[in-house]
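To start, the structure itself, in structure tokens.
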Amino acid sequence: MSARGARAAASAVALALGVAAGVQAQAPAPVTDPSTLASKRELVARLLRESPAAKRIAESGDAQAREYYRLAGEALARADAALAAARAADADRELNDAMWQVGKARQRVPDPMSRVIQERMRNATLTENVETLVASFQRRLGAMAPGKSRDEAAARLARADLLVTDARSLKTAERIAESNRRLEDARGLLLQDVNALITGETVVYGTHFESAEDELAFELERNRGYAQLVPIAVAQYRPTRDAMLLIERYVEKSEAMVAVGRQQAGQRNLKSGIRTIQEATDSLQRALRAAGLSVPQTMENPQ
């Protein structure tokens, strides 16, 4: 194996494994050089049969990871057949498929250090999500009229607070995975109750504001609260690709309308600015529904 061929093959393997793990990268150009193909084939075979990942996956008991590895082995066999028939492009395609399958298997059974890093990163994200939801929940709770609905909402918030407190204790004890499960429970609980609290906004929505400026400030804050909920709902409910495209369009529309509303308000056309911000928020409500969260429609003429 030439040093140049080995470097090219190693780069191709690393790139394919990175793409399988979700790293944004361009697909490698097809490899047709016989020496580079041979090097690439040797590295893939070693990855399948001699690497720590191969041993880890074989011992993991993860049926899906093993299936990915089986498919990778079949792709390698097809690559060998293509190489024997001097079909370089076919061989390269099969080697790429083998690397793709290995990458997916490694995702399911990461090495211990990678798992720890992933869990800590997830903990930070979940903590931020829950803190945002709690703040939003508290704002809407404060806007609700006294009564049974408000008392029930306050009790649910207290339950979420207990979960968060438990999660912090578990994190301090280095039990990160358990901490993440508590935070996931808290996030799910708070998202489930967002609908009830948003409905409670109607109490404030019909309230007389002392000035148009006060109403504008309220609508801008309301829009900001919805905008914060969108990525959290996406993380919780994991919408389909088509739903994500729809969500992105709604969010982009809302951002554009907020800019227009601010411009209208800046020109002292406060009534139009308020109405535009309300329509922007309505677009965010549609984004949340597309994500899987049930929210009421506030505008009279939904598009």
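In this chain, residues are counted from 1 in sequence order. These figures come from a predicted structure and were not determined experimentally.
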Verify the neighbour count for atom CD of E128: are there more than 12 heavy atoms of other residues, nucleotides or ligands below 6.0 Å?
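No, CD of E128 has 12 or fewer neighbouring heavy atoms, counting only those of other groups under 6.0 Å.
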
For M121, is the CE atom crowded, meaning more than 12 foreign heavy atoms sit under 6.0 Å from it?
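Not buried by this count: 12 neighbours or fewer within 6.0 Å.
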
Within residues 259-272 or reaching into it, pairs that qualify as side chain to side chain donor-acceptor pair (under 3.5 Å) - sequence neighbours excluded:
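Counting only pairs at least two positions apart or across chains, the side chain to side chain donor-acceptor pair (under 3.5 Å) contacts touching residues 259-272 are E213-R268, Q264-T276, N269-S272.
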
Given D90 and R93, is the salt bridge (charged side-chain N to carboxylate O under 4.0 Å, His left out) satisfied, shown in steps?
CA-CA 5 Å; D90 290 343; R93 184 176 63 252; 3.0 Å; yes

Sub-4.5 Å side-chain heavy-atom contact between [X] and [Y]:
X	Y	result
V260	I277	no
L157	E152	no
R106	L47	yes
E131	V134	no
Q278	E215	yes
K40	N96	yes

For L190, the option from L229, D185, L133 that meets side-chain contact (heavy atoms from CB on, under 4.5 Å)
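So the option named by the test is L133.
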
Sidechain N-carboxylate O distance under 4.0 Å for [X], [Y]:
X	Y	result
R224	E221	yes
E67	R70	yes
E184	R122	yes
D97	R78	yes
K171	E119	no

Minimum heavy-atom distance [X]-[Y], with the two atoms named:
X	Y	value
P231	A227	CD-O, 3.2 Å
L284	N223	CD1-O, 3.4 Å
A54	L48	CB-O, 3.3 Å
A235	R187	CB-NH1, 3.5 Å
A160	L189	N-CD2, 3.7 Å

[X] side chain to [Y] main-chain N or O, any donor-acceptor pair under 3.5 Å?
X	Y	value
R286	Y250	no
S39	S35	yes
T165	D161	yes
R108	Q64	no
S254	V251	no

Under 3.5 Å, is there a donor-acceptor pair between the Q101 and Y69 side chains?
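Checked: Q101/Y69 side chains show no N/O donor-acceptor pair below 3.5 Å.
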
